[in-house]
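Keep in mind the model is a prediction, meaning the values are calculated, not measured. Lettering follows sequence order; numbering is per chain, from 1.
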2 protein chains.
Amino acid sequence: MDFVEFRKIYNIYKDEIYNEILSINRNSIRVKKEQTVIKNLEKIFEAALKISNRKGFQAMSMRSLSKESGLSMGALYAYFSSKEELLEMLQRQHSNIMFRIFEYQIKPDLDAQARLNTAIRTHLYLSEAMRPWFYFAYMETKNMPRIKQERAMESELLSEKIFSDIIKEGIKQKIFINNRYELTAGAIKALLQDWYLKRWKYSRRKISVDEYAAFIINLIKSYVFKPN
Amino acid sequence: MDFVEFRKIYNIYKDEIYNEILSINRNSIRVKKEQTVIKNLEKIFEAALKISNRKGFQAMSMRSLSKESGLSMGALYAYFSSKEELLEMLQRQHSNIMFRIFEYQIKPDLDAQARLNTAIRTHLYLSEAMRPWFYFAYMETKNMPRIKQERAMESELLSEKIFSDIIKEGIKQKIFINNRYELTAGAIKALLQDWYLKRWKYSRRKISVDEYAAFIINLIKSYVFKPN
DNA sequence: GTCTATACACAGATAGAC
DNA sequence: GTCTATCTGTGTATAGAC
């Protein structure tokens, strides 16, 4: 699988994003006509991600969101009851779509090595396709109240577990060396996150997402196969 | 070198931090008595880092900073002319102290392997000793205006260059394999940053800073020495 | 040097016309 | 469903007493 191939799978899901947001938040959205809701949610979310990823969610005023999205302040509040609710919608939607695609992609019928590759590629390609969402989720959870941060931490650990489980199994099957699988899984996550957190750096150096995928996979393999 | 040893070196510098802040910002600080300035700057900066690292600098109100630092609003503005200036003071101080210690620590008389170790350990230990500063600098540069972000990006590349130069030299000396040294340096940075960005995770798992240093070093070595 | 009290701008949110 | 106009709280910053 490379990025081009991944995009085909992803595009099927993509159109459902706003349908899903609608059905989850049906009761808090005052507007009735489905078509209108979907069209406007898309405008609102895109604008919110754009401004937030530049200045931070906190610093984004409702006035600027109104201007960027093309809807008036009054209209915005027909889609959520407070700025904080908008934040929650964005966060939840990100984690939903992420785990959904992950679940679908990682087939259990492959050996540990192939599954590790798939997991790394899936995560990386997904973050590339949905970069504004990933960046937003990473940066904005840090400034949230304790309780909601806990949720984000669980989500981090859960996605890390996908990697550590695969490595553990590889160790059991004697394919990999028994060598700090938990730290290794954490390292994979950190490297994957670097891709969307410092996109500017990789763009400047003209590193493609496929190149970066290959690099991470090689780096990790050299460690889990290390003879010493 | 381990963390205990590093702390001894660090402690010598530590006391100079506020002296240095004072001398750099002498003209924008209205208070004359040196002792007073140093004592209060410490209070202000500690409070600012504490609140910002929990809620973000933007979300920290001057009222809350006043309360946390124990100084009145009026008093605060004797030390900086605007909230933005406070932000600048914090940022600049962080990058100053970082490059200062780095320069001092990395001796050129060692071979590439030993220098790579020292560089990794120095960066990691420094971020551990000054965690609130590092966390702050990482999170808050993202929301800054273009021009200032450029500065932060240059700083990222500069510190990355320390690692890539060492690796390049190792390749030249035929100690290391010629294997994407730029991406490798970036990976080292990402792994080092993960330590202070997700401190909660490592604390929970009871990973010591020395353990983590050894892990990164092993991971990277297995790649730069990889036989294939 | 530090305080309290206050100015003034702008934030989030809503009411009511269309 | 969407708009404009407006309410009310909170933000940064400063003036002037001590």
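In terms of the salt bridge (Lys or Arg N to Asp or Glu O under 4.0 Å) criterion, B/Arg121 has no residue partners (sequence neighbours excluded).
Contact check for B/Gln58 versus A/Lys55: no side-chain heavy atoms found under the 4.5 Å cut-off.
Checking A/Asp2 against A/Tyr125 by side-chain atom types alone, no donor-acceptor pair falls below 3.5 Å. Under the 3.5 Å distance criterion, with hydrogens and angles disregarded, a donor-acceptor pair is assigned to the side chains of A/Asp194 and A/Tyr202. Between the side chains of B/Gln193 and A/Gln193, no donor N or O sits under 3.5 Å from an acceptor N or O.
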Show the atom names and distances, to 0.1 Å, of all donor-acceptor pairs under 3.5 Å that link a side chain in residues 136-145 of chain A to residues at least two apart or in another chain.
residue  : atom : partner  : partner atom : Å
A/Glu140 : OE2  : A/Phe57  : N            : 3.0
A/Thr141 : OG1  : A/Ala137 : O            : 2.8
A/Thr141 : OG1  : A/Tyr138 : O            : 3.3

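We find that NZ of A/Lys43 is positioned 14 Å from P of D/dG1, with the value rounded to whole Å. Atom NZ of B/Lys32 is separated from atom P of C/dT2 by 13 Å (rounded to the nearest Å). In this structure, A/Ile51 places its CD1 atom 15 Å from C1' of C/dA11, rounding to the nearest Å. When rounded to the nearest whole Å, the span between CG of A/Leu65 and C1' of D/dT2 equals 15 Å. The distance between atom CZ of B/Arg30 and atom C1' of C/dG1, rounded to the nearest whole Å, is 10 Å. Separating the CG atom of A/Leu76 from the C1' atom of C/dA11 is a distance of 14 Å, rounded to the nearest angstrom. Atoms CD1 (A/Ile44) and C1' (D/dT2) sit 12 Å apart, rounded to a whole Å. The separation between B/Leu71 atom CG and C/dG1 atom C1' is 10 Å, rounded to whole Å.
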Using a 4.0 Å heavy-atom cut-off, write out nucleotides 11-18 of chain D from 5' to 3' as B (base contacted by protein), S (sugar-phosphate only) or - (no contact).
BBBB----

